[in-house]
Each structure stands twice: as C-alpha cells, then as structure tokens.
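First comes the structure, then the notes that go with it.
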Amino acid sequence: QVQLVESGGGLVQPGESLTLSCRASGGAVGSFTMAWYRQAPGNQREFVASIFANGYRNFADSVKDRFAISRDNAKNTVSLQMNSLKPEDTALYLCHRPAGNFWGQGTRVTVSS
C-alpha cells in the first residue's frame, strides 16, 4: 500500500520561502509522476506542480516563476521549494501520485504578515 506523508508547512510572511517534503512508502517516487496540489479554504483543489519519471517538470502558471519541484530517489521524497510566497499561496498542500490515485493528508501553509 502506498502512503504519502507531507511535512514542512507553517506560517511565513509574504516574500519568504518554505520547502515542503513528501515522503513516499510503498512505491519509488522516481518511477512515477508525482505532483503537488493545494486547496485553499472554500476553494477547489488545484494543481501546483508535477515531476515526471523522466524528470520533466510542469507548473501552474501562478507558481511557475517562484516554485520548484524535485525528488530524492535515495530518500524516496519529493520536495516543493516555494519562494516569494504570497498570501494567495495560503492553502493545504497535498502530495499526489496519479498512478493509483494516492493522496497524502496534506501540510498547511499560511502566508500572512
């Protein structure tokens, strides 16, 4: 059974940076497309970023100049580096593996002064 566990969320001020991590068990992150989504209160869940098995990366327009996605095959983790954070980035961030439709529980990010 695949389990995805996110960590790294917290409260930051606008303009600051934060790195989220998704630790996977039950499947190698390097063998699958892995993605980050987010859901703000009252909003639909939205795509943030993904990394394919071949290394190709894809980003939502709202974050593509500020966020980076990477993976560490040795640690079986996928990270989301978030820079120049804005209040509108406030959300629950969820790790997702489309193959098998696996989701983590999420880690909360709040951007506020």
Side-chain angles (χ1 to χ4, degrees):
Q1 181 70 6
V2 174
Q3 287 189 319
L4 304 174
V5 179
E6 302 93 336
S7 61
L11 171 64
V12 296
Q13 295 189 348
E16 293 186 340
S17 298
L18 201 60
T19 299
L20 307 182
S21 183
C22 170
R23 179 171 55 84
S25 59
V29 297
S31 299
F32 299 94
T33 296
M34 299 294 298
W36 285 94
Y37 281 71
R38 66 186 182 187
Q39 187 165 17
N43 287 7
Q44 299 269 18
R45 189 171 294 183
E46 65 174 4
F47 169 78
V48 177
S50 62
I51 182 167
F52 288 69
N54 65 4
Y56 177 79
R57 294 162 168 82
N58 193 28
F59 295 92
D61 287 343
S62 59
V63 308
K64 64 181 179 181
D65 295 326
R66 301 183 294 121
F67 289 12
I69 187 170
S70 61
R71 62 174 176 238
D72 185 329
N73 291 338
K75 295 181 180 179
N76 215 31
T77 58
V78 178
S79 295
L80 185 69
Q81 172 70 40
M82 306 185 294
N83 301 314
S84 302
L85 283 161
K86 305 176 181 180
E88 50 264 44
D89 294 318
T90 294
L92 180 69
Y93 282 73
L94 302 112
C95 183
H96 176 49
R97 198 187 89 174
N101 195 28
F102 295 104
W103 292 88
Q105 293 296 309
T107 184
R108 192 163 299 279
V109 174
T110 303
V111 185
S112 174
S113 55

Is it the case that atom [atom1] in [X] sees more than 12 heavy atoms from other parts of the structure closer than 6.0 Å?
X   : atom1 : result
Q44 : CD    : no
Q39 : CD    : yes
Q3  : CD    : no
R23 : CZ    : no

Shortest non-hydrogen contact from [X] to [Y]?
X   : Y   : value
S17 : N83 : OG-OD1, 3.0 Å
A35 : F47 : CB-CE1, 4.5 Å
R97 : L4  : N-CD1, 3.8 Å
F32 : A28 : CD1-O, 3.2 Å
A91 : A40 : CB-N, 3.8 Å

Candidate list L85, L80, V48, test side chain to side chain contact (heavy atoms under 4.5 Å, CB included), partner V63, passing option: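 For V63, the side chain to side chain contact (heavy atoms under 4.5 Å, CB included) check succeeds only for V48.
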Roughly how far apart are [X] [atom1] and [Y] [atom2], rounded to 0.5 Å?
X   : Y    : atom1 : atom2 : value
Y93 : R108 : OH    : CZ    : 11.0 Å
I51 : M34  : CD1   : CE    : 10.0 Å
C95 : W36  : SG    : CH2   : 5.0 Å
H96 : N101 : NE2   : CG    : 5.0 Å
F67 : L18  : CZ    : CG    : 9.0 Å
L11 : S113 : CG    : OG    : 10.0 Å

Pair M82-L20, side-chain contact (heavy atoms from CB on, under 4.5 Å): steps then yes or no: CA-CA 8 Å; M82 306 185 294; L20 307 182; 3.7 Å; yes
Is the backbone of [Y] close enough, under 3.5 Å, to the side chain of [X] for a donor and an acceptor to pair up by distance?
X   : Y    : answer
R71 : F52  : yes
N58 : S50  : no
E6  : Q105 : yes
T90 : V111 : yes
N73 : V29  : no
R66 : S84  : yes

T19 side chain to Q81 side chain, donor-acceptor N/O pair below 3.5 angstrom: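 Yes, because at least one side-chain N or O of T19 sits under 3.5 Å from a partner of the opposite role on Q81.
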Side chains of R38 and N43 in contact at under 4.5 Å (non-hydrogen atoms): no
Verdict with reasoning, I69 to V78, per side-chain contact (heavy atoms from CB on, under 4.5 Å): CA-CA 7 Å; I69 187 170; V78 178; 3.9 Å; yes
Residues K64, D61: salt bridge by 4.0 Å N-O rule: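 Looking at K64 and D61, the cut-off is met.
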